[in-house]
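Quick note on labels: first sequence line is chain A, next is B, and so on, each numbered from 1.
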Protein chains: 2
Amino acid sequence: MRREFKKKSKVLLIDDNYEHLAGIRELLNLEGTFDVVGIATNVSVGLNLIKKYQPDVVLLDMNMPERDGLQGILEISKLDVDTKVLALSGYDDADLIFRAMKIGAKGYVLKTMASAQLIYAIEEVLNGKIYLPLALSSRFFEYFQQTFREETAAKETAEEEENLLNYLTQREEEVLELLTQGITYKGVANKLFISETTVKTHVNNIFQKLQVNDRTQAVLYAINNGFLTKKVKIAV
Amino acid sequence: MRREFKKKSKVLLIDDNYEHLAGIRELLNLEGTFDVVGIATNVSVGLNLIKKYQPDVVLLDMNMPERDGLQGILEISKLDVDTKVLALSGYDDADLIFRAMKIGAKGYVLKTMASAQLIYAIEEVLNGKIYLPLALSSRFFEYFQQTFREETAAKETAEEEENLLNYLTQREEEVLELLTQGITYKGVANKLFISETTVKTHVNNIFQKLQVNDRTQAVLYAINNGFLTKKVKIAV
DNA sequence: TCCTATATAGACCATATGGTTTATATCTTT
DNA sequence: AAAGATATAAACCATATGGTCTATATAGGA
């Protein structure tokens, strides 16, 4: 596909280093397929320019003081413009890459990269793709897997150790569920159409089975052991 | 680096399609730098072979009946061998790719890929890298970002609505934290070196501020509003 | 049919919890 | 210096909660 026949893509640059900013602008202008519609040395100004020019892509420096790059990505995505963010950074910090991608950056390039690579990255992003250099991609995945390894391990142990909730009868589960909503004995009795003393009996049995000795602990045990996966609501 | 001088890498294949299995074995044998130490048409057998031969890498088909590929990855990682898993699949299912990588696959290749690519993928994985073809990498990131977009959005709304926890004083927070561990007033008093009545005063103030009327509801409010991000432990 | 698990419910009692009010002592801020 | 927020603590009281024991009805399994 020959670029000459296409409308130039609008690019906006945000970087607190003016030298760098000017350098990239020069590079992109020379390339000829891009139209640098604006440059900014901080996120606030950048946001205004984005609103004004609605660029196709923003090259956003990650390592800026005050309102930093990550925050910038979030705020750009909050603007309802169809602008893609390509993160720029001096360092291949795995955590930073991970977080940037997590909140929606379409790519991440290092400032040390060759200009041709940068051009390529911008084009990929413009074409709706994600661009991560191989090296960064590796770091990303390492970090990604590490993050989830812990999670998986925790889940494993949780699943392996005996879940005392399994010993509860159906009725006891109903009672416990109401307890996890902060309802009083009298309230439970009303809801289940049984007497308060019956509720107490059930509750005592629950305590026995869960090996706890008050409702708070029972509720905590229930929550920690997947009794309710959905968010627990407080009954008012 | 010339491969001829290195020890051949041990490879193991698991795929329920025997034709395919044989094909890959042939390919790898021809290549000459790999030693296919075993093949299996199901995960159970594969696991035993892995224990026996401790291969450097396992090519694991994702689309198998019964014990499927994902489960296979998990079980291989549970064996404490230093075997890397390269996932094989007929489809570029974003969800499947995401999950496979999440639980520790070192790479993901499509069965339709050229043999040279497969060889390259195996070598990359053997060198401790992650290998994802560009196309799959894109799908992965799309899925990844989508997954977190929802999460971020949910967090945003949660943060925007007023969090009554912010009104608590430091001391009240300490007390509440102990309450969320199912500790009694007397216990809290002991831990904080204050009298039980003081604890009661704090607790009452907490109730006022959180607009609840008993400890269970206070604890539930705390948990639901990010008072403790880490897993809440029950003090026994 | 007998036994066991389950759901129901009462009595009795000790203690924990929650509501309210009042009172100091600090410390910070105006 | 005065005002406000915070941490401390006591007195008093009503009620909720938890512990233990006993008892009945019913359903399902051995």
Identify whether the distance between the nearest side-chain nitrogen and carboxylate oxygen of R171(A) and E174(A) falls below 4.0 Å. yes
Rounding to an integer number of Å, can you tell me how far Q208(B) CD sits from dA5(D) C1'? 16 Å
Name the one of D92(A), D95(A), D93(A) that satisfies salt bridge (Lys or Arg N to Asp or Glu O under 4.0 Å) with R139(A)? D92(A)
Distance col, row L168(B):CG vs E177(B):CD, nearest 0.5 angstrom, shows 12.0 Å
Measure from the side-chain heavy atoms of I194(B) and tell me the nearest of dT8(C), dA9(D), dG18(C). dA9(D)
Any side-chain N or O of Y185(B) below 4.0 angstrom from OP1/OP2 of dG18(C)? yes
What nucleic acid atoms does T197(B) come within less than 4.0 Å of, heavy atoms only: base, sugar-phosphate, or nothing? base
Using side-chain heavy atoms (C-beta onward) and a distance below 4.5 Å, is V188(B) in contact with H202(B)? no
Distance-only side-chain donor-acceptor flag, Y18(A) / T41(A), under 3.5 Å: no
When you check the phosphate oxygens OP1 and OP2 of dA7(C), does a side-chain N or O of T198(A) lie under 4.0 Å from one of them? no
Atom pair distance, as rounded to whole Å: CD in Q170(A) and P in dT6(C): 11 Å
Rounded to the nearest Å, what distance is computed from the CG atom of residue N213(B) to the P atom of nucleotide dT17(C)? 15 Å
Spacing of Y167(B) atom OH relative to dG4(D) atom C1', expressed in whole Å: 18 Å
How long is the line joining CG of N205(A) and P of dG19(D), in whole Å? 11 Å
Quick note, T201(A) side chain, CB onward, closest among dA7(D), dT8(C), dA10(D) is dT8(C)
Out of dT20(C), dT8(D), dG18(D), which nucleotide sits closest to the side chain of N204(A)? dG18(D)
Can you measure L176(B) atom CG to dA7(D) atom C1' for me and round it to whole angstrom units? 17 Å
Hey, does T184(A) reach any base, or is it just sugar-phosphate, or nothing, if we go heavy atoms under 4.0 Å? sugar-phosphate
Among dA9(C), dA10(D), dA7(C), the one nearest S195(A) by side-chain distance: dA9(C)
Regarding the side chain of D214(B), the nearest nucleotide among dT6(D), dA9(C), dG18(C) is dG18(C)
As a test of reading the structure: which of dA9(D), dG18(C), dG18(D) is closest to the side chain of R215(A), going by heavy atoms? dG18(D)
Of the nucleotides dT8(D), dT8(C), dA16(C), which one has an atom closest to the side chain of K186(B)? dA16(C)
Calculate the interatomic distance between K200(B) atom NZ and dT22(C) atom P; express it in whole Å. 16 Å
Just how far, in rounded Å, is P of dT8(C) from CD of E196(A)? 15 Å
